Number of protein chains: 2
Amino acid sequence: MENMNIKKLAKELNLSVSTISKALHDSYEIKAETKEKVLALAKQLNYQPNPFASSLRRNSSKTIAVVIPEIAHNFFSLVINGIESIAEELKYHVLIYITHEIPEKEEQIIQHLLNGRVDGILISSSGTTNNNAHYHELVQKGIPFVFFDRANFDVDAPRVTTDDYQAGFQATEHLIKSHCKHYAFLSLSNQMSAINHRKDGFLAALKQYQIEPDYIHIIEAGTDETLSFQIIRDFLQPLPESLGIFSSVEKLAIQTYHICKEINIRIPKQLKIISFSNLPTAALLNPALSTLTQPAFSIGKEAALLLFQSIKNKGKIQHITSLPNIILKSTLFIRESTKM
Amino acid sequence: MENMNIKKLAKELNLSVSTISKALHDSYEIKAETKEKVLALAKQLNYQPNPFASSLRRNSSKTIAVVIPEIAHNFFSLVINGIESIAEELKYHVLIYITHEIPEKEEQIIQHLLNGRVDGILISSSGTTNNNAHYHELVQKGIPFVFFDRANFDVDAPRVTTDDYQAGFQATEHLIKSHCKHYAFLSLSNQMSAINHRKDGFLAALKQYQIEPDYIHIIEAGTDETLSFQIIRDFLQPLPESLGIFSSVEKLAIQTYHICKEINIRIPKQLKIISFSNLPTAALLNPALSTLTQPAFSIGKEAALLLFQSIKNKGKIQHITSLPNIILKSTLFIRESTKM
DNA sequence: GAAGAGTACGAAAACGATTTCGTAATTAAA
DNA sequence: TTTAATTACGAAATCGTTTTCGTACTCTTC
C-alpha cells in the first residue's frame, strides 16, 4: 500500500483506469453513482494524484516562479505576500529564485526555466537594460511572464510598476521646499528601470526649481554592502552644506543613518533624507524617516493577476490589445528626517 | 522545432533514445566520441530535459518546500536566504508556502505535499502542539522534513532551533539588573515551542532572583494584528510601575514602540524593553532597541543541510544514530531601550 | 422495428525520460 | 581456435495520468 494510484483504484472497483480518471475529473461521461464510488474510495485510501504524471501529460505544472534580486528586503517580501495571496487562491505553487542582484544569475535562472517547469514567471529584473536575450527566449518559447517594479522596457511583456517619476519629483520637491542647498540622489546602479525613473523625477524637479548643477550629486553606491557603505561615507566627508538626500532604495537610507550615527551627523539639522521604503519601523527611527512607500502587496497581487490572465490566454489569438501596463501610486510620508 | 526532446535528438544522430539518455548522463556504456556528439547537438539545439518526465520516472523532484508562518518578517526572510544558499548550490528548487499562522492552513499544505511533489520539507510550525497527525503522515510516507525555530517536540524529526531558554534567561536577567519592578513577557500564543522556551527562561530568571508573582505578567497578544495592538495597549494603561518587557517576537516589540509613542510612554525611563529580533534598524530606533538576535541565516543553512542529508539517506537503514538536533546561539545586544 | 441519439464505460496511445535486459561486435585469455 | 569478457549500443517496459476513439447498450422517434 506504499503509494496509491489510479491503477489500484481501478482494480479495487473493477473499473478501467480511464473511468477512474474521468470520474475524478467529474466528467459528464461518468454517471453519478460511479463518481461517488470512486470519490469515496479515493478519499478512503487517501489517493493523491501524482503531480508529475499529470504535468507531463497536460503540459502544465500549476506552478509559477518568482525571480527577485533579494528576499531579506521589506519590499520584496511584501510583494511575495501579494503574489502568494493570489497563487494560493488559484491553487498554484510558487517557486522562489534569488539573483542576489547578479545579472548572470538571473539569466541562468531564466534559462533553466525554459524547460517548462513553470507555467509563468514574475520577474523583478536584476539585469542591465542591455542584455535581454533570455527574455526573448521566454517570449519565443511562449512562457508568459510579467515584470514588476524593475522592468525591462525593451521587452514586450506586461508590467506592474509604480509612478516612480512622479514620486521622485514629489520627494525632491519636498526636499527643495525644506530649503536644502545640495541635493544628492542615492542609486544602486544606472541600469535599473525603476531607479532611473526616480532619478529622472529628481532631476526634473531640480531643473524646474532652477537648482544649479554644482549642487546636484548622483551617487551610485552599487549593490555590494561594504562598498556602498564606503561610497556613502566618502560622499558625506566632508559634509556638503545643507544636504538633502533622496535615497532610491531603503537599504541605502539605512546605511546613511548608520553612517550619520557613526560620524555624528545630525538629521535633519545637517542632513535631510527621504527614501523609498517599506520599513514598518520608519516612524520609529531616530529621527523618523520620511518615506515614499510603494504599495508592495498590491504590486504582487496585480502582477500575479496579470500573469494568470496571461497563462489563461496562452495559445489564444493575441488580440491587438495594448500591452497591460499597470502603474500604481506610491505614498509620501513626511516625517522628521526632512524637517526644516 | 517547438520543443526539443530526446527522441528528436536521437533521430538527428541516428542513435537510439536510450543511447542519448545515457550519453547525457555520462554513462560508462557510451564511448567518449558519441557522448561528445550528443552533448554538442544538445547544446546546439538548446535541449532541456523535461523535468516532469524525469521526476515521474525517477520519483524525485529536486524540489523542496519551505513552510513558514509569515514571510514579511526579517527572521523568516533571512532564513529563506540561508536555505536558498544551500539549495542553489545543490541545484534544488524551493517552493514557498505561507500559513499565515493558521494551523489548519499548515495541515492543508502538508497534506497536499504528501503527493510527492517535493523531496523534502522545511517547516517552522504554526500548529498547536496538540495536532501533529499531518507530521506523522509525512513520516509514514517517508518524506523527509526538518523543523526550524518552531518545532513540534512530539514528532520524530530533525530540528534546528536556538538556545531559547538560555537567551530568555539572559534577557530577563539583564532586565532585572536594570532594576525593574514589574516584568512582562509578550507572547504570541502558548502553543509555540520556541516561544514557550523563552518564557520558561524568563520565569526561571525571575524565580532565581526571587521576584514576587504579583510583579510577573504574561501577555498573550495573539497573531491578529489589531487585536494584539489592543491587548498590549490595555496592558500599558495604566502603566505598571517600572516595567520591564521581554518581547518574544519582533512584531510585538514594534507594536509596543508604536503604542508608547502614541500614549507618550518614555522608553527606557518608564518602560524598558528587550526583544527577540532581526531588525536591521534596531540600533537606529528611538531609542535603540536591545535585542536578542537569532542567527537566522545560519538556521536556514543548517536546516537545509540537515534536510538534504536526510533526503540522501532516504531508504538506507536508519542507524540508531541520535536524532539530529542542532541548537544555535542567539546574541544579546544591549542598547538604550533597557538603559537604567 | 429500424435508424438515430444518447449513455457509460474500456482499450490503448500518448507525454518524455530512465532503466533493464538483450545482443552484436570486438578484444582478451586459454 | 575456442571461450570468455568487454564494449557500445538498441528494444522495450516503465513511471502515473490524460485523452482520443471505439463500442456495447439503452432509449427515442416515426
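Letters A, B, ... mirror the listed sequences (proteins, then strands); counts begin at 1. Quick caveat, the model's predicted, so the values are computed rather than measured.
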A:Y97 and A:H112 side chains, donor-acceptor separation under 3.5 Å
no
How would you label the contact of B:N115 with the nucleic acid (heavy atoms, under 4.0 Å): base, sugar-phosphate, or nothing?
nothing
The side-chain hydrogen bond (donor to acceptor under 3.5 Å, both in side chains) partners of A:N59 (sequence neighbours excluded) come to none
Excluding sequence neighbours, so at least two apart, what forms ring pair (Phe, Tyr, Trp, His ring centres under 6.0 Å) with A:H25?
none
For atom CZ of A:F52 and atom C1' of D:dT18, their distance in whole Å:
17 Å
Whole-Å distance between D:dC15 C1' and B:R58 CZ?
13 Å
Compute the bend angle of the helix from C:dG1-D:dC30 to C:dA30-D:dT1 from the end axes (five pairs per end), rounded to 10°.
50°
Range on DNA chain C touched by chain A, heavy atoms, distance below 4.0 Å
C:dA8 to C:dG16
Give a yes/no answer on whether the side chain of B:T34 brings an N or O atom under 4.0 Å of OP1 or OP2 in D:dC9.
yes
Identify, residue by residue, the members of residues 18-26 of chain B with a heavy atom below 4.0 Å from DNA chain D, and return them in order of residue number, or none.
B:S18, B:T19, B:K22
Could you pull out every donor-acceptor pair under 3.5 Å between side chains of residues 11-19 of chain A and any protein atom, sequence neighbours left out?
residue	atom	partner	partner atom	Å
A:S16	OG	A:S18	N	3.4
A:S16	OG	A:S18	OG	3.1
A:S16	OG	A:T19	N	3.2
A:S16	OG	A:T19	OG1	3.0

Could you go through residues 77-88 of chain A and list every donor-acceptor pair under 3.5 Å that involves a side-chain atom there, pairing it with any protein atom two or more places apart or in another chain?
residue	atom	partner	partner atom	Å
A:S77	OG	A:H73	O	2.9
A:S77	OG	A:N74	O	3.4
A:E84	OE1	B:H100	NE2	3.1
A:S85	OG	A:G82	O	2.6
A:E88	OE2	B:K105	NZ	2.9

d(NZ, B:K7; C1', D:dA11) in whole Å
13 Å
Protein-nucleotide distance (B:L56, atom CG; D:dT18, atom C1'), rounded to Å
12 Å
Residue whose closest nucleotide on DNA chain C lies nearer the 5' end, B:E29 versus B:A53:
B:A53
Across all chains, not counting sequence neighbours, the salt bridge (charged side-chain N to carboxylate O under 4.0 Å, His left out) partners of A:K35 are A:D26
Over how many whole Å does the gap from A:R57 atom CZ to D:dT20 atom P extend?
7 Å
How close or far is atom P of D:dT18 from atom CG of A:L9, stated in whole angstroms?
12 Å
Just to verify, what does B:F308 make a ring pair (Phe, Tyr, Trp, His ring centres under 6.0 Å) with, not counting sequence neighbours?
B:Y92
Partner set under salt bridge (charged side-chain N to carboxylate O under 4.0 Å, His left out) for A:E302, not counting sequence neighbours
none
Test of understanding: with ring pair (Phe, Tyr, Trp, His ring centres under 6.0 Å), list the residues that count as partners of A:F145, not counting sequence neighbours.
A:F147
Sorted by chain and number, sequence neighbours left out, side-chain hydrogen bond (donor to acceptor under 3.5 Å, both in side chains) with B:T99 holds for B:S126
Nearest-Å distance for atom pair CG/P, residues A:N59 and D:dT19:
11 Å
I'd like to know if the side chain of A:H134 pairs up with that of A:Q108 as donor and acceptor (distance under 3.5 Å, no hydrogens or angles considered).
no
